[in-house]
Amino acid sequence: MKGNLVITIGRQCGSGGKRIGESVAERLGVKCYDKELLTLAAKHSGLCEELFETHDEKPTSSFLYSLVMDTYSMGYSSSAYMDMPLNHKIFLAQFDTIKKLADEESCVIVGRCADYALADYPNVVSIFITGNDDDRIEYLKQLYKVDPAKAKDIMVKTDKKRASYYNYYSSKKWGDSRSYDLCINSSSVGIDGAVDMILELARVKRAWLEKRALTQSE
């Protein structure tokens, strides 16, 4: 199967999604993009990187999906783009950067609706990482050096923000199994187990796509 392999990872806060993504990328010998995506989007769009950090995975109640997609098809030089609110421009820049990465290289992309941006790319494996609340709270407690109550607050608020962003900018539902190729509970299989499952799915999916392409060409 020709084309770059791109693995996208959505994740609950504290589930180890980023660590899993980095491990998958290391095993494949490719890059993992998380916050790095913001730097690239800023470079490609000419907008200040601090603006991307401020708006990172944050929804807006005034977003008009059809307008943004129409503008995306027309390009950044259009008058519609020039008149667009800043948060829309930032989303478009990330959307465009994700597609550019998929065209140029195999990679792993964490968060930021990457699976939706690449919905038309056959060689994309979309993953969602979840975890048991107790395990996620314990991880966040250690990461941020906070008490369990504060860790739970971080978990709930971050998940709410990510869900709102995903649900608003895509036509799918964050965390819904129907939105992804595979959902994995890291509490059940661990980080290494999740990595093994993702790599196996990528192998199986590509093999199946190759087989289907051969069948259709006969």
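Note that these values count all heavy atoms, side chains included, but never hydrogens, waters or copies made by symmetry. Just so we're clear, the structure is a prediction, and the values are computed from it rather than from any experiment.
Checking Y166 against D176 by side-chain atom types alone, no donor-acceptor pair falls below 3.5 Å. Inspection of the N132 and N185 side chains reveals an N or O donor paired with an N or O acceptor under 3.5 Å.
Counting non-hydrogen atoms of other residues, nucleotides and ligands closer than 6.0 Å to NZ of K172 gives a total above 12. Remark: K152 NZ is loosely packed, at most 12 non-hydrogen atoms of other residues, nucleotides or ligands lying under 6.0 Å away. Applying the 6.0 Å contact sphere to CD of E105 captures more than 12 heavy atoms from other residues, nucleotides or ligands.
A distance of 9.0 Å separates OG of S187 from CD of Q12, quoted to the nearest 0.5 Å. The distance from atom CG of L118 to atom CG of N4, rounded to the nearest 0.5 Å, is 10.5 Å. Atom CZ of residue R112 and atom CD of residue Q94 lie 6.5 Å apart, to the nearest 0.5 angstrom. Here CD1 of I129 is found 14.0 Å from SG of C13. Values are rounded to the nearest 0.5 Å. Rounding to the nearest 0.5 Å gives a distance of 9.5 Å between CD1 of I20 and CD1 of I127. Here OG1 of T97 is found 6.5 Å from CG of L40. Values are rounded to the nearest 0.5 Å.
Between K100 and D96 no salt bridge is recorded (no basic side-chain N to carboxylate O distance below 4.0 Å). The pair D196-R27 meets the salt-bridge criterion, with a side-chain N (NZ, NE, NH1 or NH2) lying under 4.0 Å from an Asp/Glu carboxylate O. With respect to the salt-bridge test (charged N to carboxylate O, under 4.0 angstrom), the residues K150 and D147 do not qualify. A salt bridge does not link E22 to R19: none of the charged side-chain nitrogens sits closer than 4.0 Å to a carboxylate oxygen.
When all heavy atoms of G17 and I9 are compared, the closest pair comes out as O-CG2, 4.0 Å. Between D115 and S126 the shortest heavy-atom distance is CB-CB, 3.8 Å. The shortest non-hydrogen separation linking I98 to A117 is CG2-CB, 3.9 Å. The two residues V195 and S23 come nearest to each other via the heavy atoms CG2-CB, 3.5 Å. In this structure, V30 and S106 approach most closely via the heavy-atom pair CB-O, 3.4 Å.
No option in L182, V6, L199, L5 other than L5 meets the side-chain contact (heavy atoms from CB on, under 4.5 Å) test with V125.
Between F91 and F95, the ring-plane angle classifies as tilted under the 30° and 60° cut-offs. Between F128 and W174, the ring planes are perpendicular. Angles over 60° get that label, and only those under 30° would be called parallel.
Using modelled atom types, no side-chain atom of T8 and backbone atom of A114 make a donor-acceptor pair closer than 3.5 Å. With hydrogens and angles disregarded, no donor-acceptor distance shorter than 3.5 Å links the side chain of E200 to the backbone of I198. A distance-only check finds no donor-acceptor pair linking the side chain of R11 to the backbone of G16 [under 3.5 Å]. Formation of a donor-acceptor pair under 3.5 Å by the S186 side chain with backbone atoms of G131 is not found in this model.
Residues E138 and K141 meet the side-chain proximity criterion, which asks for heavy atoms closer than 4.5 Å. Within the 4.5 Å cutoff, side-chain heavy atoms of L209 are placed close to those of K205.
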